[in-house]
Each structure stands twice: as structure tokens, then as C-alpha cells.
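Below is one structure, written out as C-alpha cells; comments come after it.
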Amino acid sequence: MERQQEKKGLRAYLKGISDPRRRQGRIYPLEGVLTMLILAAVNGEKSLRGTWIWAREQWRQIRSGVGMEWLTHPPEYGTLGHILASLSLTEWEMTLWRWAKKREGELSA
């Protein structure tokens, strides 16, 4: 598994995070939602509401990059809140940490 992740980007790492949602009714892939949240944060958004507004405004440009090209709009504000409230933040943090350490090694090599 680690060997495969060496050649992949952040979304590959995010795909390994446990999805707390029930399978029934899942429309938005978890790694896509998390990628969208990270993109919004990198672009200066500091609140969930700001992230949601940013995603709505940028949706046409980001939807294929976050793996949701078939969807006409981003997740609703309530959906984002539900996902974040039920997500293991420790698992998310550790995943981002592993990805960052991998990138750090690539940059210093």
C-alpha cells in the first residue's frame, strides 16, 4: 500500500480515510469533499460557510480536480457540516501528516 501511495498525490491518501457515512445515499465521495475543503483553505477560507461559498463559486473549475466531475453542484452546507462532525479528525490529521512527510522527502531529494 505504501509503495502505491509513493507515486500518488494527496487524493490517494485521502481515499484511505474511513467514511463515517452510511453507504445509502452517499453522493459525494469523501476524498473529493476533503480535497475541496483543503482547496478552499489554501485559498484563504477559514470557516465552513466560507468554504461552502467558495466551492459554489469555483465549482466549474474544481469539480473534475476533486473527482466529482459528474455533479452539477458541490455538497450543501449541511452535508459538509455532517461529514466534518462525524469524521475522525485524528485520522484526517494523521493522513495529512503522512502525505506532508512524503512530500518533504521528495522536495529535499
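Along the sequence shown, residues are numbered consecutively beginning with 1.
The shortest side-chain heavy-atom distance between Y77 and T51 does not fall under the 4.5 Å cut-off. The shortest side-chain heavy-atom distance between L30 and I83 falls under the 4.5 Å cut-off. With a 4.5 Å cut-off on side-chain heavy atoms, W70 and R63 do not count as touching. Side-chain contact between E76 and W52 is present, with at least one heavy-atom pair separated by less than 4.5 Å. With contacts defined as side-chain heavy-atom distances shorter than 4.5 Å, the pair L87/D19 does not qualify. Contact annotation: the side chain of M36 approaches that of L80 to within less than 4.5 Å [non-hydrogen atoms, C-beta and beyond]. When side chains are defined from C-beta on, L84 counts as touching L37, because their heavy atoms get closer than 4.5 Å.
Listed here is the closest heavy atom pair of G67 and P29: O-CG, 4.0 Å.
By the 6.0 Å and 45° rule, R56 does not stack over the aromatic ring of W54.
Using a distance-only test at 3.5 Å, with no hydrogens or angles considered, a donor-acceptor pair links the side chain of W59 to the main chain of L71. Without hydrogens or angle criteria, T95 side chain to E91 main chain gives a donor-acceptor distance under 3.5 Å.
To the nearest 0.5 angstrom, L10 atom CG is 10.5 Å from E31 atom CD.
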Apply side-chain contact (heavy atoms from CB on, under 4.5 Å) to I17 and L34, showing your working. CA-CA 10 Å; I17 295 176; L34 297 177; 3.7 Å; yes
Go through L96 and Y13 one step at a time and tell me if the side-chain contact (heavy atoms from CB on, under 4.5 Å) criterion holds. CA-CA 8 Å; L96 291 174; Y13 278 80; over 6 Å; no
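Within 6.0 Å of CZ on R26 lie more than 12 heavy atoms contributed by other residues, nucleotides or ligands.
L14 and M94 are assigned to two separate hydrophobic clusters, defined by single-linkage of ILVMFWY side chains at heavy-atom distances under 4.5 Å.
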